[in-house]
Amino acid sequence: MTPIRKSDLVTGMRQRQRANGTWRVWWEPSADARARGHTAVDLDPERPTWSIQKAKSLNAAAAPDKGMRAGSGGRSIDALIENYKRSRHFLEKRPATQRSYKIEMRAISDKWGTFPAIEFTKPIMNEWFETLLQTGKSDWAKHLLGMMSILMDHAERIGWRAENSNPCFRMKRGSSTKRSRVATWAEYDALIAAADQLADEGKPVFSAVAAAIALSTLCGQRREDLLQAQLAAFSDHKVAAATGRADTVLIWQLTRSKRSTAGVIPIHAEAAPRIRKLMDAARPGQTHLLALEGTGYPITGNYLSQLWRAVRARAAESEPGVADLQFRDLRRTFGNWARKGGAVKSDVADVLGNQADQDAGLSEIYMAPSLEGVTRALEAVQRPKKAG
């Protein structure tokens with residue numbers, strides 16, 4: 001389906017369907033605007049109204065009599081963002097980091113996109129930061145100031161600003177608040193029940209959401225790694241005798257997106273049936289575990305966020321406290337439950353991937369020590385016994 005109707009496209013807007021069925025939407029400067037330093041800017045196919053307004057603002061900035069002041073050479077914040085996104089300093093970042101950077105750069109572009117990078121001063125940055133803090137979203141304000149600092153460093157690197165002129169330097173933004181929210185078993189059950197209900201109502205994609213919730217909560221893995229999980233990474237395996245188990249378990253081999261550490265994760269007994277169900281229902285040619293029904297295309301991060309909000313809203317009807325739970329809290333919930341169940345910190349860290357690197361292969365040399373610790377941590381997650 002075309003993300004934006006052709007009749008709604010404004011000057012410079014382009015769109016093209018990729019081989020995997022998704023769409024790319026972008027703004028393409030005219031030859032004259034390109035000669036003045038303007039470059040192509042990616043838009044968001046999932047936000048057509050925003051993309052149209054953004055294209056209009058880019059057209060205004062690219063007009064010969066508007067936008068950059070004389071002598072700026074077209075070196076706007078938008079142009080700086082696009083230059084940075086093409087540089088190795090951005091391309092060498094992990095995919096998850098790139099995604100979060102793009103969200104922050106989009107917000108900066110909305111505010112400052114048409115302004116020349118050279119005109120920013122510390123007083124301007126200080127006033128902007130103080131204004132952001134007044135919204136009550138202090139962590140978001142700190143992230144945006146940090147991203148602007150990265151962009152200004154890049155401006156120095158490519159000669160758009162003088163050396164040591166970063167206006168964000170030594171702004172003392174402070175550290176971000178650490179979130180400590182964890183789910184209760186009642187909240188987890190309400191989320192799973194809500195996803196199953198939505199799936200039963202004719203929306204099979206929610207079966208994948210239920211599996212994602214179970215994997216994150218009971219196996220402690222990040223949302224990004226769930227989205228990237230490959231069907232081929234899941235397989236049955238006989239656990240080595242050193243673990244004290246002789247049965248066959250479902251194993252997930254992954255390389256974690258944040259630190260590139262390898263993991264060998266036995267799937268928790270409550271999550272395994274949901275994973276097997278998705279594997280059995282996979283379409284020919286499907287590669288990702290979490291995929292769209294009917295197409296096999298992988299679920300995107302934005303779409304998973306929408307689905308999560310729908311599940312959470314349904315779950316809140318029976319368990320109101322779940323309304324403020326975020327998907328990222330589920331991984332923290334695993335660590336909390338595993339420790340309460342008696343798992344030691346080192347075993348929990350092996351599951352979360354915060355300590356030692358493990359060989360992804362299931363050779364006898366590496367399998368027993370890696371699986372022994374993570375199995376102890378996984379099995380420590382047990383439902384509380386009912387009184388009486």
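Heavy atoms only: backbone and side chains are in, while hydrogens, waters and symmetry mates are out. Please read these numbers as outputs of a predicted model, since none were measured by experiment.
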Beyond-backbone contact of P116 with R75, side-chain heavy atoms, under 4.5 angstrom: no

Donor-acceptor contact present, side-chain Q253 to main-chain A233, <3.5 Å: no

Pair S165, R161: side-chain N/O donor-acceptor within cut-off below 3.5 Å: yes

Greater than 12 external heavy atoms within 6.0 Å of Q306's CD: yes

Side chain to side chain contact (heavy atoms under 4.5 Å, CB included) assessment of V205 paired with I299: CA-CA 9 Å; V205 69; I299 293 175; 3.8 Å; yes

Note: D329-R332 ion pair, threshold 4.0 Å (strictly below): yes

Presence of salt bridge, D44 and K54, under 4.0 angstrom: no

Exceeds 12 heavy-atom contacts within 6.0 angstrom, atom CD of E163: no

Donor-acceptor under 3.5 Å (Q15 side chain, W23 main chain): no

N/O donor-acceptor pair under 3.5 Å between H288 side chain and L290 backbone: no

Shortest non-hydrogen contact from A211 toward I275: CB-CD1, 4.0 Å

N302 and T300: side chain donor to acceptor below 3.5 Å: no

Note, R223 side chain near S216 side chain (heavy atom, < 4.5 Å): no

Aromatic ring pairing Y188/W337, orientation class (parallel under 30°, perpendicular over 60°, tilted between): perpendicular

R14 and W27, any side-chain heavy atoms less than 4.5 Å apart: no

Nearest-0.5 Å distance that lies between atom OG1 in T11 and atom CD in E28: 13.0 Å

Full working for side chain to side chain contact (heavy atoms under 4.5 Å, CB included) between I267 and F234: CA-CA 9 Å; I267 303 303; F234 294 85; 4.0 Å; yes

Minimal non-hydrogen separation, A210 against A195, with atom names: CB-CB, 3.7 Å

Side chain to side chain, W252 and Q221, heavy atoms closer than 4.5 Å: yes

Basic-acidic side-chain contact under 4.0 Å: R181, E187: yes

Donor-acceptor pair, side chain of H89 and main chain of H154, under 3.5 angstrom: no

Side chain to side chain, N164 and F169, heavy atoms closer than 4.5 Å: no

L289 CG to L215 CG distance, which is reported to the nearest 0.5 Å: 6.5 Å

Side-chain donor/acceptor of Q230 to backbone N/O of Q228, under 3.5 Å: yes

Shortest non-hydrogen contact between T121 and P167, atoms and distance: C-CB, 3.5 Å

W50 six-ring centre to R106 NZ/CZ under 6.0 Å and within 45° of normal: yes

Side chain T217, main chain A214, donor-acceptor under 3.5 Å: no

I192, D196, I213, V322 screened by side chain to side chain contact (heavy atoms under 4.5 Å, CB included) with V311, the one that passes: I213

Same cluster (ILVMFWY, side-chain, under 4.5 Å), L378 and V182: no

Check against side chain to side chain contact (heavy atoms under 4.5 Å, CB included), L191 and L325: CA-CA 10 Å; L191 289 168; L325 193 70; 3.7 Å; yes

Heavy-atom closest pair, residues S207 and K277: OG-NZ, 4.2 Å

Within-4.5 Å side-chain heavy-atom neighbours: N166 and E156: yes

Side-chain donor-acceptor contact under 3.5 Å, D78 with W112: no

Short side-chain to backbone donor-acceptor contact, S87 and Y84, under 3.5 Å: yes

Reported CE-to-CG distance for the pair M171 and L145, which is rounded to 0.5 angstrom: 5.0 Å

Donor on one side chain, acceptor on other, R314 and Q197, under 3.5 Å: yes

R24 to W26 six-membered ring, cation-pi geometry met (6.0 Å, 45°): yes

Residues R99, E224: salt bridge by 4.0 Å N-O rule: yes

Distance in Å, D42 CG paired with K102 NZ, rounded so as to fall on 0.5 Å steps: 6.5 Å

Smallest separation among heavy atoms of V10 and A55, with atom names: CG2-CB, 3.5 Å

Within one Ile-Leu-Val-Met-Phe-Trp-Tyr cluster: I158 and F115, side-chain cutoff 4.5 Å: yes

CA sep, side-chain torsions, deciding dist, call: R256, L254, side chain to side chain contact (heavy atoms under 4.5 Å, CB included): CA-CA 6 Å; R256 298 178 178 90; L254 75 156; 4.0 Å; yes

Pair D189 + R383, salt bridge at N-O below 4.0 Å: yes

Test item: T22 and Q17 side chains (from C-beta on) under 4.5 Å apart, heavy atoms: no

Gap between atom NE2 of H143 and atom OG of S138 - 0.5 Å precision: 9.5 Å

Rounded distance (nearest 0.5 Å) linking atom CG of L330 with atom SG of C219: 12.0 Å

Shortest non-hydrogen contact from A271 toward L218: N-CD1, 4.2 Å

R283 side chain reached by Y297 side chain, heavy atoms, under 4.5 Å: no

NZ/K122: more than 12 non-hydrogen atoms of other groups inside 6.0 Å: yes

Same cluster (ILVMFWY, side-chain, under 4.5 Å), W160 and F90: yes

